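Proteins get letters first, then strands, A, B, ... in listed order; numbering begins at 1 in each. Here the structure is a predicted model, which means the values were calculated and not measured.
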Protein chains: 2
Amino acid sequence: MSEQQSEHSNPASILLIDDHPLLRKGVKQLIELDSELQVIAEASNAHEGVAAALEHEPDLILLDLNMPEINGIETLKMLREEGVASRVIVFTVSDNEEDVVAALKAGADGYLLKDMEPEELLSNLNQAALGKMVISEKLTALLAQALQSKRTKKGPDISSLTPRERQIIKLIAAGLPNKLIARKLSITEGTVKVHVKHLLKKLHLRSRVEVAVWAVQEGLN
Amino acid sequence: MSEQQSEHSNPASILLIDDHPLLRKGVKQLIELDSELQVIAEASNAHEGVAAALEHEPDLILLDLNMPEINGIETLKMLREEGVASRVIVFTVSDNEEDVVAALKAGADGYLLKDMEPEELLSNLNQAALGKMVISEKLTALLAQALQSKRTKKGPDISSLTPRERQIIKLIAAGLPNKLIARKLSITEGTVKVHVKHLLKKLHLRSRVEVAVWAVQEGLN
DNA sequence: TAAGAGGTACCACTAAAGAGGTATTTTTGG
DNA sequence: CCAAAAATACCTCTTTAGTGGTACCTCTTA
């Protein structure tokens, strides 16, 4: 790791990846108003971006999501696979839940919306350079919904299950084979199979693997 | 569903569940400054709370997390199991990640911190009464981390897997049996079994069910 | 060039899972 | 109190899954 940054140490190096030259220009001008931040490279697509990241190893990468050919999420994955250790801040207009979730799951260290105030962007970038995760506050409710999203979705319904069946689903999702489930519940393996058979019918699933996956996604932990 | 609320319709009915009488008193006084909101019942523990909720069917329930005996999360689950349809807003001092995530997963419709400004609380409650999910903005970064948290955790390591094995894991997690995986990859079922065998060894798992669960939790979608 | 890793394939064998049936007991609801 | 649902048990049978071993081919690297 590098040493602690004091008041006026080296500015944080930044790579911009965005397919709009004008936007890059604007952001660059804004950033260079802050002596703690410095744009050291720009790229207009994923390939250039990865190459520039590998060459300069910047402290921060400001990454647009909406790019032709290879989008921002894919670019982010490429960066990670190439071993780029820079902190990647997604900087986009999209406040779409899927984009936000996908970006964070792909390892983004921040998600800022382009409509934010310039001063706020600068302060957020400074925070990010210090290792803090920065997220536009507009996204709070969105993130909360993503966490609980499992509900209100299509697919099988848990309400049709008996308590015993729910109990068995949890054990299946824990990876236990029927034999161990039987021991844990003090019933025979044959009976466990009966319950499994029934809940497969009810949930319209084809195997215990599907049951396990469904249960995990449903948050039945 | 009830009819659309116009400007000065009936105020939203609120149930307070909190073990501190003084806090309830304070919140109640605050809320009744707003003609759109009305506290119609109070409870000091989970049992009273559930009973009151069933009796009054309030529009909103303000629920404290930190209560003796039965905590707020459990209370929330009890409410949901009893079929209470009210919107439940967790109102607490805890900005702990696990609490927030647990509450939202348990079906909370909001999560507000007790240190917020009184006027802000009122406006948030009004929003909540209109069906909006309300979350204290302080929690944004917390939620973002919860989404990506899968990483940096103990357990088996994906890095030891070959591309082919990762490919097969995804298909297992999709619930496919070996035969279908074989077709999809244009290889024989026997070969699929070989790969499954190898990845079970590498990940120290005992069955494809465990693989599927692990993959889903790891976010390999 | 030799060694190793990865992918492919086949075989035989055991274990586990799932489908179908019948039947008893307990619980629950009308 | 009766009927339905739930839980239990046992049975057979077929399909899937998992283990062990051998083998061949390609590609990369020491």
To the nearest 0.5 Å, what is the distance between CD (Gln38(A)) and NZ (Lys28(A))?
9.0 Å
Readout for nucleotides 18-30 of chain D: B = base within 4.0 Å of protein heavy atom, S = sugar-phosphate only, - = neither; 5' to 3' it is BBB----------
At less than 4.0 Å, is any side-chain N or O atom of His198(A) found next to OP1 or OP2 of dA6(D)? Yes or no.
no
Report yes if at least one side-chain N or O of Thr188(A) is closer than 4.0 Å to OP1 or OP2 of dT8(D); otherwise report no.
no
For Arg183(A), check salt bridge (charged side-chain N to carboxylate O under 4.0 Å, His left out) against everything at least two apart and list the hits.
none
Arg87(B) meets the side chain to side chain donor-acceptor pair (under 3.5 Å) criterion, sequence neighbours left out, with none
Between the two ends of the helix from dT1(C)-dA30(D) to dG30(C)-dC1(D), what is the bend in degrees, rounded to 10 degrees, where each end axis spans five pairs?
50°
Taking the side chain as every heavy atom from C-beta outward, state whether Val93(A) and Asn66(A) have any atom pair closer than 4.5 Å.
no
For dA7(D) and Thr162(A) - does any side-chain N or O of the residue sit under 4.0 Å from the phosphate oxygens OP1/OP2?
yes
Residues two or more places apart in sequence or in another chain: which of them pass side-chain contact (heavy atoms from CB on, under 4.5 Å) with Ala103(A)?
Ile73(A), Val90(A), Ala108(A), Tyr111(A)
Residues that Arg164(B) engages under salt bridge (charged side-chain N to carboxylate O under 4.0 Å, His left out), provided they are two or more places apart
none
Using a cut-off of strictly less than 4.0 Å, decide whether Thr191(B) has a side-chain nitrogen or oxygen near OP1 or OP2 of dA9(C).
yes
Side chain of Glu189(B): nearest nucleotide among dA9(D), dA6(D), dA17(D)?
dA17(D)
First encountered from the 5' end of DNA chain C, between Lys179(A) and His195(B):
His195(B)
Ser86(B) side chain reached by Leu15(B) side chain, heavy atoms, under 4.5 Å:
no
